[in-house]
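See below for the structure under consideration.
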Amino acid sequence: MTGSPLEQQHAQPAPLSQPDLGAARSLGAAEAFASALSLIWGVVYGLGDRFFGSTETEFWSDPLLSLWVLILPILLIWACALNLRSSRIASAESAFLTAQLNQMQTNALNHAQTGTAGSGASMVQKLDEIAETARKTETALATFHSIRMETNRPSAQTRPPPPPQDEQGALALGTTAEDMTPPLQVDQFIRALNFPETADDEIGFTALRLALQDRKASQVIQAAQDILTLLSQDGIYMDDLHPDMARPEIWRHFAKGSRGREVAALGGVRDRSSLALTAARMKQDPIFRDAAHHFLRRFDQMIVDFEETASDAEVAALGETRTARAFMLLGRVAGTFD
């Protein structure tokens, strides 16, 4: 295999061919056989009506009964034929979906193995390309169907700018490049933690780009992106969890170091299948385990700083994001809330 890990990570997978549903929906042997049987029965009925229709037999003298004798067998024959046709179509679609799922899992595993190669600048450039492509394509992307309450929040507070880095060159009059970057607003940070809803979610992509330009925010977002990708390999998606949402004061207690029963509500994930799959993978997969612990550390550090300046409404909104749901799931499995 040639190419750098970054090139392999962004390589486009070979598209799957669509299932041949046209052939599955076309007339097959079952439909031909049903047509032949219907024709034979029509001939038999016509001969019976010709030879016995003029008699005084009760069977042929009743028009309604004789009509049912003609129609009912034909209906039964075609009901069986259509059932077989539906089975063919379902089999073709099932085979395609199975192949597509296998390819998605393979691509996700390759992504996890190559790691988070590339700097924050390359991530921002990639997001710009995705947002531009999303405006011009009608290709269906994996969407997150979530229902969140719209909360009227006051003017968003701003996060304090991170301290200047030694490696960043100073601009004129001693101003660093990081000081020139506008501070990340709280509502944008929360929106980035939930990730874009669809390919056309320009607000979500904008918030994600801005968050990736912030040093502290990009750390937790990249860690969340990695763990969500790994969880999706086992069919675990945050929109399917529906955990018991914790009150803002419980998040604040956790940020201040409380553990045990006081913050047990943060482990409100009740999906037994997701809990079992996550626990098994934590034990068996060292890559997943390292990524999970890295994510838990980043989120823990983030919530400590976030809680100090955020309002209760903003803390509640953060708790409803996909990143927070992943933290609740992994935290319960890892015993973080004990």
Side-chain angles (χ1 to χ4, degrees), residues 144-162 183-197 201 203-204 207-208 210-211 214 216-225 227-228 231 237-271 274-275 278 292-338:
F144 299 97
H145 301 285
S146 61
I147 301 176
R148 301 188 310 280
M149 294 184 301
E150 293 295 336
T151 307
N152 294 325
R153 296 192 289 272
S155 299
Q157 303 179 16
T158 58
R159 295 169 59 87
L184 181 65
Q185 296 183 349
V186 175
D187 59 341
Q188 293 173 336
F189 177 61
I190 295 173
R191 187 66 187 83
L193 289 178
N194 200 50
F195 293 98
E197 297 286 346
D201 186 3
I203 297 178
L208 192 57
L210 293 174
D214 184 274
K216 291 184 177 180
S218 64
Q219 292 175 348
V220 67
I221 288 176
Q222 290 175 357
Q225 185 181 37
I227 200 62
L228 290 177
L231 287 170
Y237 301 97
M238 298 304 101
D239 294 327
D240 299 333
L241 295 184
H242 305 294
D244 299 333
M245 294 302 177
R247 299 188 305 274
E249 56 266 27
I250 298 178
W251 284 104
R252 295 187 187 277
H253 289 323
F254 177 82
K256 294 176 181 179
S258 300
R259 297 294 184 270
R261 297 182 61 182
E262 191 174 4
V263 297
L266 295 181
V269 177
R270 308 297 181 187
D271 191 316
S274 298
L275 290 171
T278 304
H293 286 302
H294 176 69
F295 166 70
L296 291 174
R297 287 194 300 270
R298 291 300 186 190
F299 191 95
D300 194 355
Q301 296 168 358
M302 177 274 298
I303 195 65
V304 171
D305 296 334
F306 181 85
E307 180 271 335
E308 293 180 353
T309 58
S311 65
D312 286 347
E314 290 166 344
V315 173
L318 182 140
E320 295 179 2
T321 61
R322 296 186 179 92
T323 299
R325 294 186 185 189
F327 177 75
M328 297 169 74
L329 171 65
L330 294 169
R332 179 171 179 179
V333 172
T336 303
F337 312 127
D338 296 341

Margin query: Would you compute the distance between atom CD1 of Ile190 and atom OG1 of Thr321 and round it to the nearest 0.5 angstrom?
Written below: 8.0 Å
Notebook entry, point to check: Relative to each other, are the rings of Phe299 and Phe295 parallel, tilted or perpendicular (30° and 60° limits)?
Noted result: tilted
Notebook entry, point to check: Roughly how far, to the nearest 0.5 Å, is the CG atom of Asp187 from the CD atom of Glu314?
Noted result: 8.0 Å
Item checked: CZ/Arg270: more than 12 non-hydrogen atoms of other groups inside 6.0 Å -> yes
Notebook entry, point to check: Which distance, rounded to the nearest 0.5 Å, do you find between the CE of Met328 and the CE of Met238?
Noted result: 11.0 Å
Checklist line | Distance, nearest 0.5 Å, that separates CD1 of Ile203 from CZ of Arg191 | finding: 7.5 Å
Margin query: Please determine whether a side-chain nitrogen of the Lys or Arg among Glu249 and Lys256 lies less than 4.0 Å from a carboxylate oxygen of the Asp or Glu.
Written below: no
Notebook entry, point to check: Are Arg259 and Asp300 ion-paired here, with the side-chain N under 4.0 Å from a carboxylate O?
Noted result: yes
Check: Can you name the nearest heavy-atom pair linking Ala211 to Ala217, along with the distance?
Finding: O-CB, 3.5 Å
Margin query: Using 0.5 Å steps for rounding, measure from the CZ atom of Phe306 to the CZ atom of Phe189.
Written below: 7.0 Å
Checklist line | Closest contact, heavy atoms only, Leu208 versus Pro196 | finding: CD2-CD, 3.9 Å
Notebook entry, point to check: So, for Asp201 and Glu197, which heavy atoms are closest and what is the spacing to 0.1 Å?
Noted result: OD2-N, 2.9 Å
Margin query: For a 4.5 angstrom cut-off between non-hydrogen side-chain atoms, does Leu318 reach Met302?
Written below: yes
Next item on the list: Write down the atom of Ser274, the atom of Leu241, and the distance for their closest heavy-atom approach.
Entry: OG-CD2, 3.5 Å
Next item on the list: In sequence, state the C-alpha distance, the side-chain angles, and the governing distance for Val269 and Arg325, and then conclude on side-chain contact (heavy atoms from CB on, under 4.5 Å).
Entry: CA-CA 8 Å; Val269 177; Arg325 294 186 185 189; over 6 Å; no
Next item on the list: Could you tell me whether a side-chain N or O of Ser258 sits under 3.5 Å from a main-chain N or O of Phe254, the two making a donor and an acceptor?
Entry: no
Checklist line | Pair Asp312 + Arg252, salt bridge at N-O below 4.0 Å | finding: yes
Note to self: Less than 6.0 angstrom separating the ring centers of Phe327 and Phe337, yes or no?
What the structure shows: yes
Margin query: Please report the interatomic distance CE(Met245) to CD1(Ile250), rounded to the nearest 0.5 Å.
Written below: 12.5 Å
Margin query: Quick check on side-chain contact (heavy atoms from CB on, under 4.5 Å): which of Thr323, Ile227, Val220, Ile303 does Arg298 satisfy it with?
Written below: Val220
